[in-house]
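One structure below.
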Amino acid sequence: FFNVGELCNIEPMYQYSLAWYVNLFNHAIEHADPSDELDQRLDNLIDFFTYSLYKNICRSLFEKDKLLFSFMLTIKVLQHEGKVDPAEWFFFMTGGTAIGESAPNPAEGKGWLDTKQWHLLCRLAKLPAFTGIEEHLRNNQTSWQLFCETSGRWSGNEGLPSPWNASLSPLQQMLVLRCSLPGKVVSTVQEFIRLQLGEQFLHPPQVTLEACFEDSTCTRPLIFILSAGSDPLSRLVEFTDAARQRVDTISLGQGQGPAAEALIRKCRKAGTWVLLQNCHLAKSWMPTLARIVEALSVETSRPEFRMWLTS
């Protein structure tokens with residue numbers, strides 16, 4: 001949950017309640033594969049919930065942030081298992097702290113390792129697992145040059161010059177690539193996620209109205225964040241027809257607040273659906289809408305009722 005809570009540092013809109021998280025966890029308890037063996041049951045729960053969390057969070061992320069969330073999730077899992085050294089993780093995030101003068105770059109002017117990358121590698125050598133790596137590069141420039149010039153298909157422990165290809169963990173090898181081949185970091189992160197969590201955590205499932213509806217309730221609206229020119233109305237109408245439901249729509253704007261409130265009240269009592277379009281055009285009415293949503297309850301709303309919003 002704290003991993004999810006940190007997403008607001010990327011984008012303030014990424015905020016998730018504890019109640020939502022608990023509901024998702026309860027769903028995992030109900031739907032994860034059963035087993036009479038406790039350890040197997042726990043493994044089933046962990047696997048089911050981890051992927052369920054990934055799917056549900058990715059549904060609400062912009063495309064550019066989905067890989068970052070997969071990586072954060074992977075790191076949190078490994079941290080829980082005690083497989084991530086805090087100092088190494090800090091270095092990956094920040095590049096370490098410059099301390100004193102670095103030795104001259106042995107590849108200066110040769111084109112395969114610039115001075116900035118060399119300085120990073122010298123900082124990395126201050127960590128226990130990387131002691132002597134800068135001297136190894138200085139004394140084995142041919143193998144390191146080959147690595148830097150041909151390491152476009154890094155996978156597992158392949159590519160790094162010996163003995164580093166056998167002595168470092170996948171995360172530690174990512175640190176070396178962060179220093180020597182910064183352009184490969186994204187593809188390296190993807191391979192790291194694949195090795196640790198699996199291929200499915202690199203391919204967010206396509207968002208469908210059916211999946212959104214299955215996870216919704218009469219007390220939780222579904223919100224579409226739209227790019228310019230997009231309109232989900234036709235898809236929603238098709239979905240309502242397939243579900244044999246009725247949807248009433250209203251486009252928000254100046255003075256439409258009272259009409260929208262009356263429509264919500266009617267649909268809530270009738271157990272039908274309501275679509276409020278263009279919420280961004282009624283900013284002054286949003287606090288009122290927030291109060292309406294907070295007041296929704298299973299006691300006062302038909303279970304079939306759904307509220308859909310676009311902005």
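As the structure is a computational prediction, the values presented were derived from the model and not from experiment.
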Problem set entry | Side-chain H-bond candidate by donor/acceptor type, Gln245 with Glu304, under 3.5 Å | no
Problem set entry | Leu276 side, atom CG; Leu309 side, atom CG - distance, nearest 0.5 Å | 5.5 Å
For this session: Carefully, step by step, assess Lys266 and Asp248 under the rule salt bridge (Lys or Arg N to Asp or Glu O under 4.0 Å).
Result: CA-CA 10 Å; Lys266 184 193 81 169; Asp248 290 299; 3.5 Å; yes
Exercise. Near Glu210 CD, under 6.0 Å, is it more than 12 heavy atoms from other residues, nucleotides or ligands?
Worked result: yes
Seminar exercise, completed: One should read off an interatomic distance between Ser60 OG and Lys66 NZ, to the nearest 0.5 angstrom, of 9.0 Å
Problem set entry | Donor-acceptor contact present, side-chain Asp65 to main-chain Leu61, <3.5 Å | no
Problem set entry | Exam field: side chain Gln172 to backbone Ser169, donor-acceptor pair closer than 3.5 Å | yes
Problem set entry | Shortest non-hydrogen contact between Met307 and Leu289, atoms and distance | SD-CD1, 4.1 Å
For this session: Answer whether the closest heavy-atom distance between the side chains of Trp20 and Phe25 falls below 4.5 Å.
Result: no
Exercise. Can you get from Val185 to Met72 by hopping between Ile, Leu, Val, Met, Phe, Trp and Tyr side chains that sit under 4.5 Å apart?
Worked result: yes
Problem set entry | Sidechain-backbone polar pair: Ser301 side chain, Val298 backbone, donor-acceptor under 3.5 Å | no
Exercise. With a cut-off of 6.0 Å (strictly less than), are more than 12 heavy atoms of other residues, nucleotides or ligands near CD of Glu199?
Worked result: yes
Exercise. Minimum heavy-atom separation for Glu6 to Lys76, with atom names?
Worked result: OE2-NZ, 3.7 Å
Exercise. Nearest 0.5 Å, what's the CG-CG distance between Leu67 and Leu202?
Worked result: 7.0 Å
For this session: Find the distance between CZ (Arg123) and CZ (Phe91) and round it off to the nearest 0.5 Å.
Result: 7.0 Å
Exercise. For atom NE2 of His203, is the number of surrounding heavy atoms from other residues, nucleotides or ligands below 6.0 Å larger than 12?
Worked result: yes
Exercise. Is Phe130 close to Val176 at the side-chain level, that is, under 4.5 Å between some pair of heavy atoms?
Worked result: yes
For this session: Any chance you could lay out the salt bridge (Lys or Arg N to Asp or Glu O under 4.0 Å) test for Arg235 and Glu238, step after step, and finish with the verdict?
Result: CA-CA 5 Å; Arg235 289 178 57 197; Glu238 291 177 5; over 6 Å; no
Exercise. Going by the side chain to side chain donor-acceptor pair (under 3.5 Å) test, which pairs reach into residues 275-286, not counting sequence neighbours?
Worked result: Ser251-Asn278
Problem set entry | Minimum heavy-atom distance Arg138-Ala103, with the two atoms named | NH2-CB, 3.2 Å
For this session: Indicate, with yes or no, if Ile223 and Ile292 share a hydrophobic cluster defined by side-chain heavy-atom contacts under 4.5 Å among Ile, Leu, Val, Met, Phe, Trp and Tyr.
Result: yes
Exercise. Given side chains that start at C-beta, do those of Pro205 and Tyr51 come closer than 4.5 Å, heavy atoms only?
Worked result: yes
Exercise. Nearest 0.5 Å, what's the CG-CD1 distance between Leu175 and Ile133?
Worked result: 9.5 Å
Exercise. For Phe305 and Val274, what are the C-alpha separation, side-chain angles and deciding distance, and is it a side chain to side chain contact (heavy atoms under 4.5 Å, CB included)?
Worked result: CA-CA 8 Å; Phe305 169 69; Val274 59; 3.8 Å; yes
For this session: Apply the test side chain to side chain contact (heavy atoms under 4.5 Å, CB included) to residues Trp308 and Leu236: give CA-CA distance (whole Å), side-chain angles for both, the deciding distance (0.1 Å), then the verdict.
Result: CA-CA 9 Å; Trp308 306 75; Leu236 183 59; 3.8 Å; yes
Exercise. Do side-chain atoms of Thr50 reach the backbone of Asp47 as a donor and acceptor pair under 3.5 angstrom?
Worked result: no
Exercise. Any chain of hydrophobic side-chain contacts (each under 4.5 Å) joining Phe48 to Leu24?
Worked result: no
For this session: Mind listing the closest non-hydrogen atom pair of Arg302 and Gly271 along with its distance?
Result: CB-CA, 3.5 Å
Problem set entry | Least distance between heavy atoms, Ala28 atom then Leu45 atom | O-CD2, 3.6 Å
Exercise. Given side chains that start at C-beta, do those of Tyr14 and Val4 come closer than 4.5 Å, heavy atoms only?
Worked result: no
For this session: Indicate if Leu68 and Ile225 have the same hydrophobic cluster label, given that clusters are the connected sets of ILVMFWY residues with side-chain heavy-atom separations under 4.5 angstrom.
Result: yes
Exercise. How are the rings of Phe1 and Tyr21 set to each other: parallel, tilted or perpendicular (split at 30° and 60°)?
Worked result: perpendicular
Exercise. Do Leu121 and Leu137 come within less than 4.5 Å of each other through their side chains, counting heavy atoms only?
Worked result: yes
Exercise. Under the 3.5 angstrom rule, does the side chain of Glu11 hit a backbone N or O of Met13 as a donor-acceptor pair?
Worked result: yes
Exercise. If you draw a 6.0 Å radius around CD in Glu81, do more than 12 non-hydrogen atoms from other residues or ligands fall strictly inside?
Worked result: yes
For this session: Spell out, yes or no, whether Ile29 and Phe49 are grouped together once hydrophobic residues are joined by side-chain heavy atoms under 4.5 Å, including indirect joins.
Result: yes
Problem set entry | Atom pair CD/CZ of Gln200 and Arg194 - distance to nearest 0.5 Å | 11.0 Å
Problem set entry | Qualifying side chain to side chain donor-acceptor pair (under 3.5 Å) pairs with a residue from residues 108-118, counting only residues at least two apart or across chains | Glu108-Thr115, Lys110-Gln141
Exercise. Run the side chain to side chain contact (heavy atoms under 4.5 Å, CB included) check on Arg220 and Asn23 step by step: do they pass?
Worked result: CA-CA 12 Å; Arg220 292 203 302 266; Asn23 183 70; 3.6 Å; yes
Problem set entry | Side-chain heavy atoms of Leu296 within contact of Cys218, under 4.5 Å | no
For this session: State, yes or no, whether a side-chain contact exists between Val207 and Cys212 at a heavy-atom distance under 4.5 Å.
Result: yes
Exercise. Taking atom types as modelled, is there a side-chain donor on Arg306 or Ser216 under 3.5 Å from an acceptor on the other?
Worked result: yes
Exercise. Can you tell me if Tyr16 and Asn56 form a side-chain donor-acceptor pair at under 3.5 Å?
Worked result: no
Exercise. Looking at side-chain heavy atoms only, is the closest gap between Asn139 and Trp144 below 4.5 Å?
Worked result: no
Exercise. Just by distance, with hydrogens left out, do Gln40 and Asn44 show a side-chain donor and acceptor under 3.5 Å apart?
Worked result: yes
Exercise. Is it true that a side-chain atom of Arg268 and a backbone atom of Leu263 form a donor plus acceptor pair closer than 3.5 Å?
Worked result: no
For this session: Mind telling me whether Trp164 and His136 have parallel, tilted or perpendicular rings, with 30° and 60° as the class edges?
Result: perpendicular
For this session: State which residues pass side chain to side chain contact (heavy atoms under 4.5 Å, CB included) with Ser297; sequence neighbours excluded, sorted by chain then number.
Result: Glu299, Thr300
For this session: Go through the steps for Phe92 and Val189 under the test side chain to side chain contact (heavy atoms under 4.5 Å, CB included), then give the verdict.
Result: CA-CA 11 Å; Phe92 184 85; Val189 165; 4.2 Å; yes
For this session: Over all heavy atoms of both residues, which pair between Ala129 and Leu168 is shortest? Give the atoms and the distance, please.
Result: O-CD2, 3.7 Å
Exercise. For the ring-ring contact (aromatic ring centres under 6.0 Å, His included) test, which of Tyr54, Trp89, Phe201 pairs with Phe71?
Worked result: Trp89
